[in-house]
**Q** 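Structure provided below as structure tokens; questions to follow.
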Amino acid sequence: MTKFLTSSALVAVFLLGFAVETAAEEANADAVEAVKSGQRMNANAAWWGFNPEDATDILQSAIDSGAKTVTVPYMGAPWVVRPVKLRSNLELTFEPGVLVVAKEGEFKGKGDSLFTATDATDITIRGYGAVLRMRKTDYQSEAYEKAEWRMGIAFRGCKRVLVEGVRVESSGGDGFYIGATGANPWCEDITIRDCICDDHHRQGISVISAQNLLIEYCVLSGTDGTAPQAGIDLEPNSENERLVNCIIRNCVIENNAGNGILLYLRPLTSASEPVSIRFEDCVVRMGKPGDTPADFTDIDMKGGAGIRVSALRDDGPQGTIDFVNCTVENAAEECVALSEKSAKSAVVRFEDCHFGPSWVAANRGYWKPRVPISVSGRRPEVAADLGGIEFVGCHVFDTVARPVVAYLPADGDVALR
């Protein structure tokens, strides 16, 4: 038989619930005090409260508390935040289902990023099943000053950083930014693993200056906004920066409005530290697995080369840039484009790589040869002595009767070697 609660019983249930909530708040206050006094090293951000309208001060207080580990729990509503600063000696964990979202109408500063760490050490961020989301279309509107530096997570001059399992979406710059400061001209010992960078304004990941960098099992997709619009871009700003022992492996780089992989190294000189960059077991593509050139029907389709290496100057750095067992398929332009690559600078080597269909985008205004691999030297002031490129055990899959490689020097009498 169905039983119904009396009005007095309902009141009792309500009061009981209220009493439990009040007790929880008191317990959280005690826990916060225990963290501040050093009695507890593990903290839950919700101990500081939760405000679904703006949780910035709550989350920042938890991070600044000094706790060794801070957990951001699922609260049934997003953690809405303004820019958040990270500190040294921090393990920050986002529980599955957590959504951290940039507060609407904020991030007006041209460099305002969702999370930023500057000259910090020993940071771990874990977020399997969590999403960090900004508002790219807002930042692209007239309501915001034009900029390309509103990053998802920015590391500047940091050491010993591990990021695992986080999905970063829709920033006004890069999903991840790895760069320098005046005090530390490079980041060091950085690992980014099992992450997704999707729908960013400038790059999925920008690597400006790094030593001992590992990026693995990541997806870098949907970049579209402002040049270069690459999946990943390695691009130093000055000759005292470096790209040393940088390994990118087992990553999928797809459907970006620019190049899939871009290396632009003009700022590095012979005085710079020799480069050592290795891409291994990566896939670069437009469209979906199994697509053929006939599946690309949008005549305004965006996209660049699958892999572009540019501006290794005559007075450039020594070292090696390796692509090992990588696949490029359905490239919007070339599968591989090498421009201003001097024979006097670092060697670029492709080993056991596979290049599928190229030029699946219409590119109606492009007048140069549409080939799978191009080597060009448009700017002799950067590189007049072209070469230093190796292909070992590579395969090109093509259904168009055309050369595999086109050489396009600025001066037709310049030899390639």
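Side chains are part of it too, since the values below use all heavy atoms of this structure and drop only hydrogens, waters and symmetry mates.
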**Q** Quick one: do Glu280 and Arg249 make a salt bridge, cutoff under 4.0 Å?
**A**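 Here Glu280 does not pair with Arg249 in a salt bridge, since their nearest N and O are not under 4.0 Å apart.
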
**Q** Angle class for the Phe94/Phe115 ring planes (parallel below 30°, perpendicular above 60°, tilted otherwise)?
**A**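 Aromatic pair Phe94/Phe115 classed perpendicular.
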
**Q** Atom NZ in Lys302, atom OG1 in Thr223: separation rounded to 0.5 Å?
**A**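 One finds 11.0 Å between NZ of Lys302 and OG1 of Thr223.
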
**Q** So do the side chains of Asn259 and Tyr264 get within less than 4.5 Å of each other, counting heavy atoms only?
**A**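 No. Closest side-chain heavy atoms not under 4.5 Å.
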
**Q** Would you say NZ of Lys159 has more than 12 non-hydrogen atoms from neighbouring residues, nucleotides or ligands within 6.0 angstrom?
**A**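 No, because the 6.0 Å sphere around NZ of Lys159 holds 12 heavy atoms or fewer from other groups.
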
**Q** Evaluate whether atom NZ of Lys36 has more than 12 neighbouring non-hydrogen atoms of other residues, nucleotides or ligands under 6.0 angstrom away.
**A**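 It does not: Lys36 NZ has 12 such atoms or fewer within range.
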
**Q** Is Arg82 salt-bridged to Asp54, cutoff N-O under 4.0 Å?
**A**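 Yes, charged N to carboxylate O under 4.0 Å.
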
**Q** Salt bridge between Glu340 and Arg266, side-chain N to carboxylate O under 4.0 Å?
**A**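 A salt bridge is absent here (no side-chain N lies under 4.0 Å from a carboxylate O).
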
**Q** Under a 4.0 Å N-O cut-off, is there an ion pair linking Arg160 with Asp189?
**A**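 A salt bridge is absent here (no side-chain N lies under 4.0 Å from a carboxylate O).
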
**Q** Only one of Thr292, Asp295, Val360 clears side chain to side chain contact (heavy atoms under 4.5 Å, CB included) with Asn330; which?
**A**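 Of Thr292, Asp295, Val360, side chain to side chain contact (heavy atoms under 4.5 Å, CB included) with Asn330 is met by Val360 alone.
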
**Q** For the residue pair Ser358 and Glu334, establish whether any side-chain heavy-atom pair is separated by less than 4.5 Å.
**A**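 With C-beta onward as the side chain, the pair stays apart.
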
**Q** Taking atom types as modelled and ignoring hydrogens, do the side chains of Ser339 and Ser310 form a donor-acceptor contact shorter than 3.5 angstrom?
**A**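 Looking only at side-chain atoms, Ser310 and Ser339 do form a donor-acceptor pair, the distance falling under 3.5 Å.
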
**Q** Check the angle between the aromatic planes of Tyr139 and Tyr144 and answer parallel, tilted or perpendicular using the 30° and 60° thresholds.
**A**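 Perpendicular, since the angle between the ring planes exceeds 60°.
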
**Q** In terms of ring plane angle, is the pair Phe355 and Phe391 parallel, tilted or perpendicular, where the classes change at 30° and 60°?
**A**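 It falls in the perpendicular class, over 60°.
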
**Q** For the pair Arg126 and Glu91, find out whether any cationic side-chain nitrogen is under 4.0 Å from an anionic carboxylate oxygen.
**A**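 Yes, Arg126 and Glu91 are salt-bridged.
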
**Q** Looking at Asp315 and Lys344, is any side-chain nitrogen of the basic one under 4.0 Å from a carboxylate oxygen of the acidic one?
**A**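 Here Lys344 does not pair with Asp315 in a salt bridge, since their nearest N and O are not under 4.0 Å apart.
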
